[in-house]
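To start, the structure under review is shown below, and the notes come after it.
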Number of protein chains: 2
Amino acid sequence: MNAPMTLTSRRAMTRGEATRDRILEIAEASVLAKGFSNTSIDEIIAAAEITKSGFFYHFRDKTDLAKALLERFIHDDNAKLDAIFARGRDLSDDPLHAFLIGLKLFAEMMAELETAHPGCMVASVAYHDKQFNNEVRGLNAAAVLGWRRRFLSALEEIAEVYPPRIDVDLSHLADMLSALADGGIILSRVLDEPRLLSEQILLYRAFVRTIFLGAGD
Amino acid sequence: MNAPMTLTSRRAMTRGEATRDRILEIAEASVLAKGFSNTSIDEIIAAAEITKSGFFYHFRDKTDLAKALLERFIHDDNAKLDAIFARGRDLSDDPLHAFLIGLKLFAEMMAELETAHPGCMVASVAYHDKQFNNEVRGLNAAAVLGWRRRFLSALEEIAEVYPPRIDVDLSHLADMLSALADGGIILSRVLDEPRLLSEQILLYRAFVRTIFLGAGD
DNA sequence: TGGAAAACTGTACCATTGGTATGGTAAACT
DNA sequence: AGTTTACCATACCAATGGTACAGTTTTCCA
């Protein structure tokens, strides 16, 4: 596949890469604050101190920018989730408790972001839908399927050790976390209650706990 | 307050009301299919067979249209939820079982809409955010608070009869259904899995059941 | 039945936005 | 030194949201 390209890569950024990165940074902030269609190219190029020609040198069109933003977001998101659940496994050898710790860390992370936490880019794109080409929608779907796979494998590992006390489909249970995260962000925004999201994650945690440990303990 | 205005109101529609309604119907279909910013006024007036002046006679601007769409959606949504949970109470005197029946009917309704079910208008608006004025955002928040109140009162009624087996905050549990509905719609859309939403509702149902009945039964 | 209010039409115009075209130039690599 | 990379400058275009304003038809009501 591709050569590994980490954030700590030795090679310095070329001028072009630096500019492209600056555009993405500016665009991301604006998209998360105001939404994609409310972020104009003129605004971006003014902030990045380049011309329109410069912008279109880096991106074919606005959809291409959306694609790049989404790729960036998914990459960062995966890195964060990796770190969180790896930390969980660090702190406990038991798959259930490792997952429960991961969920708690996840909830804490969401709480820390407080107001104006980055609305989930995936949801933002999902609601524009037809505006974006299949490539972008495919990326989006791949990201969601990645979450499903990630959470499902954790849940399956748990189920081997702790036979579920109630009959639930584990892949639905995996999707539930994604759904709660996206839905929780929406409710947080609409109600201006930043803590709502982490409360929902913790409620999910209680559900998982009950499924594998029962209501008693 | 206002005089009661039901769908079965005797008074015939005036010409103006009929036109306004036609505009809203056309706009709603387009917004649910393509998103708000992707629905042009030109497109709407062509379908409604009126002129631009005609459109702006009924709506101050596009945001005013969004507000009207949201009001309409919230009204219809409340009517549907009322019907579903009333039916649940019809079929069982027990508050828990009435709620569980309501949830099942809710899931069935969501499943019937199959592909291209109406994406939640509230979420659609939430992701445009800054684009809309405070009035619209207030409406949005009121709708969500309405759901919370509705589900919370049902849950409290249940908790009086069935002491919860696990310690959960009931208002968080009420919000969970809203979050799952919105999040489920997003996942359904992104993955093109129309059944996902109703599966999530049923999973929520299993959670509620476990909280009040325990894992045993 | 006539006059006022409601519900439009028609035309013209404007700013913003996404996007294209084209030709030129400075910086970086080789 | 020459090529490629990374832009700038200018001009232009169509779609879209919106305004202005004068005129016309429909409807209602006294």
Side-chain angles (χ1 to χ4, degrees), chain A residues 9-28 30-31 33-70 124-125 128-133 135-136, chain B residues 9-28 30-31 33-70 124-125 128-133 135-136:
Chain A
S9 169
R10 279 294 177 282
R11 198 179 101 267
M13 261 190 209
T14 65
R15 190 163 69 115
E17 283 170 337
T19 302
R20 197 185 133 96
D21 233 58
R22 210 165 68 248
I23 294 172
L24 286 174
E25 202 113 349
I26 289 163
E28 183 177 290
S30 181
V31 167
K34 308 188 301 180
F36 186 74
S37 60
N38 221 19
T39 296
S40 74
I41 295 176
D42 281 348
E43 177 195 333
I44 294 169
I45 65 179
E49 293 179 303
I50 53 168
T51 63
K52 217 170 194 179
S53 316
F55 176 87
F56 284 106
Y57 174 78
H58 289 284
F59 303 98
R60 245 171 302 139
D61 48 31
K62 217 188 166 192
T63 299
D64 196 34
L65 173 67
K67 192 186 147 203
L69 282 175
L70 206 57
S124 179
V125 171
H128 279 268
D129 212 14
K130 296 291 189 299
Q131 180 168 1
F132 295 111
N133 57 31
E135 211 177 350
V136 173
Chain B
S9 170
R10 278 296 176 280
R11 199 179 101 265
M13 261 192 211
T14 64
R15 188 164 73 116
E17 283 170 338
T19 302
R20 198 186 133 97
D21 233 57
R22 210 167 67 250
I23 294 172
L24 286 174
E25 202 113 348
I26 291 163
E28 183 176 290
S30 181
V31 167
K34 307 189 301 178
F36 186 73
S37 59
N38 222 17
T39 297
S40 73
I41 294 175
D42 280 348
E43 178 195 333
I44 295 169
I45 66 179
E49 293 179 306
I50 54 170
T51 63
K52 217 172 196 179
S53 316
F55 176 87
F56 284 106
Y57 175 79
H58 288 287
F59 303 98
R60 243 171 303 136
D61 49 30
K62 218 187 167 193
T63 299
D64 196 33
L65 173 68
K67 193 186 146 199
L69 282 174
L70 205 57
S124 180
V125 171
H128 278 270
D129 211 14
K130 295 291 189 298
Q131 180 168 1
F132 295 110
N133 58 31
E135 211 176 350
V136 172

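So that the names make sense, note that chain A is the first sequence line, chain B the second, and so on, each numbered from 1.
Looking at heavy-atom distances under 4.0 Å, B:G54 makes contact with a base.
Contact annotation: side chain of B:T51 to base of C:dG10, donor-acceptor pair absent below 3.5 Å. For a distance-only test at 3.5 Å, the side chain of B:K52 qualifies as a donor-acceptor partner of the base of D:dG18. A donor and an acceptor atom never sit less than 3.5 Å apart when one is taken from the side chain of B:K62 and the other from the base of D:dG18.
Between B:D61 atom CG and C:dT16 atom C1' there is a gap of 16 Å when expressed in whole angstrom units. The CZ atom of B:F55 sits 8 Å away from the P atom of D:dG18 (whole-angstrom rounding). In this structure, the OH atom of A:Y57 is 5 Å from the C1' atom of D:dA6, given to the nearest Å. Rounded to whole Å, the distance from CG on A:N38 to C1' on D:dG17 is 13 Å. Per the geometry, CD belonging to B:E17 stands 11 Å off P belonging to C:dC8, to the nearest Å.
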*asked:* Let's go through A:I45 and A:I23 carefully: what are the C-alpha distance in whole Å and the side-chain angles of both, what is the deciding distance for side chain to side chain contact (heavy atoms under 4.5 Å, CB included) to 0.1 Å, and is it a yes or a no?
replied: CA-CA 8 Å; A:I45 65 179; A:I23 294 172; over 6 Å; no
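Classification of B:K34 and B:E43 as a salt-bridged pair holds, one side-chain N sitting under 4.0 Å from a carboxylate O.
A cation-pi contact, defined as under 6.0 Å to the ring centre and within 45° of the axis, links A:K62 to A:F36.
Within the 4.0 Å cut-off from OP1 or OP2 of C:dA7, at least one side-chain nitrogen or oxygen of B:T14 is found. Using a 4.0 Å cut-off, no side-chain N or O of A:T19 falls inside it from OP1 or OP2 of D:dA6.
Using a 4.0 Å cut-off on heavy atoms, the residues of residues 39-50 of chain A that approach DNA chain C are A:T39, A:S40, A:I41, listed by number.
If you check D:dT19, C:dG19, C:dC8 against the side chain of B:H58, the one that comes closest is C:dC8.
In this structure, the side chains of B:K52 and B:D42 come closer than 4.5 Å at one or more pairs of heavy atoms. Contact check for B:F56 versus B:I41: side-chain heavy atoms found under the 4.5 Å cut-off.
The two residues B:H58 and B:G16 have their closest heavy-atom pair at CE1-O, 3.3 Å.
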